[in-house]
Every structure is written in structure tokens, then in C-alpha cells.
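Some notes on the structure that comes next.
Note that the coordinates shown come from a computational prediction; the quantities given were computed from them, not determined experimentally. Throughout, protein chains are lettered first and strands after them, A, B, ... in sequence-line order, and every chain is numbered starting at 1.
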Amino acid sequence: MGPSAADTDRGVYGISVAAELVGMGPQTLRLYEQRGLLEPERTEGGTRRYSEDDLHRLRRIGELLDDGLNLAGIVMVLGLERDNARLQATNTRLRARRH
DNA sequence: CTTCTGACA
DNA sequence: TGTCAGGA
């Protein structure tokens, strides 16, 4: 794997680099944040720092956008996916205890 | 780099 | 509605 473990939630990329990596414009990334799809870290100076998780999220947003969803719908889908992942994890733990 | 506003399909 | 261009 990566050298120094997996803190993929740590903001490292500036907005220009992040936008370049996911094939979007910087303004688009700002809009997504304004709409509540994303919340990258901020430096003390107030500039955004996008994490690897943020990049995955941005690519997921691109997919859903491609599927014809609007930003409001994507917010809901991402929320449901997060909830679902949590439920699945809980479900797996319960099964392991063999109730 | 930031936020904000207007134009376009 | 989402994206982009330009200004402050």
C-alpha cells in the first residue's frame, strides 16, 4: 500500500490540483461545497485542501451527474450510501455474534 | 487563492 | 440546472 499508512482523509491538494485530477473546474468544486456535497479541509489562511477521499467523492459525483441526477439528488444519494455502509457494517457485526 | 455575479445551453 | 468567465 501507501508508504505512511492510510490517512486518505487528510487534505493535501489545492483546489487547482484537485480539479485537475478529477477533470473538473475549480469553480465547480467550490459550487459543490456550497451545495453541501463536499467539505474539504481549510488551511489557517482559509484555502481548501482536498483529501484522497474528497477526490473519490468528486468522481462519484461525476458519475451520478452523468446518470442525470441533479446536485440536490446527489446530496441525498451520497447520504443514503453512507447510511447504507454503516448499516451493513453493523449488520455484519451482529451476524458475527450469531444471535 | 477567495467570494460573487451574469451569461449560456 | 450546471458550468464557466470575469471582476473585486
Take atom OH of A/Y50 and atom P of B/dT2, then tell me their distance rounded to the nearest Å. 7 Å
Tell me whether the OP1 or OP2 atom of B/dT2 has a side-chain N or O from A/R48 closer than 4.0 Å. yes
Taking C/dT1, B/dT3, C/dT3 as options, the one with an atom nearest any side-chain atom of A/T28 is C/dT3
Output the rounded distance in Å from CG (A/L29) to C1' (B/dT3). 15 Å
So if I take every side-chain heavy atom of A/Q27 and compare against C/dG6, B/dT2, C/dG2, which nucleotide ends up nearest? C/dG6
Nucleotide nearest A/L31 when distance is taken to its side chain, options C/dC4, B/dT2, C/dG2: C/dG2
Expressed in angstrom and rounded to an integer, what is the separation of A/R42 atom CZ from B/dC1 atom P? 12 Å
Quick one: do A/E52 and A/Y13 satisfy side-chain hydrogen bond (donor to acceptor under 3.5 Å, both in side chains)? Show the steps, please. CA-CA 8 Å; A/E52 206 64 46; A/Y13 309 105; 3.0 Å; yes
A/I15 has an atom CD1; how far is it from atom P of C/dC4, in whole Å? 12 Å
Carboxylate-amine/guanidinium contact A/R42 A/E33, below 4.0 Å: yes
Could you give the CG-to-C1' distance, from A/L65 to C/dT1, as a whole number of Å? 10 Å
Quickly work out the A/L64 CG to C/dT1 C1' distance and round it to whole Å. 16 Å
Any side-chain heavy atom of A/L64 within less than 4.5 Å of one from A/L78? yes
Would you say B/dC4 has OP1 or OP2 under 4.0 Å from some side-chain N or O of A/R30? no
Could you check which nucleotide pairs with B/dT2 in any of the strands shown, counting Watson-Crick or G-U wobble with both distances under 3.5 Å? C/dA8
Are a donor atom and an acceptor atom from the side chains of A/D53 and A/T8 found within less than 3.5 Å of each other? yes
Could you give the CZ-to-C1' distance, from A/R35 to C/dT3, as a whole number of Å? 11 Å
For side-chain contact (heavy atoms from CB on, under 4.5 Å), just list the numbers for A/Y32 and A/D54, CA-CA rounded to whole Å, side-chain angles, deciding distance to a tenth of an Å, and then say yes or no. CA-CA 11 Å; A/Y32 290 170; A/D54 289 330; over 6 Å; no
Could you check whether A/R49 gets within reach of a base, just the sugar-phosphate, or nothing at all, counting any heavy atom under 4.0 Å? nothing
Please confirm whether the shortest side-chain N or O distance from A/Y32 to OP1 or OP2 of C/dG2 is below 4.0 Å. no
From CD of A/Q34 across to P of B/dT2 the rounded distance in Å is 13 Å
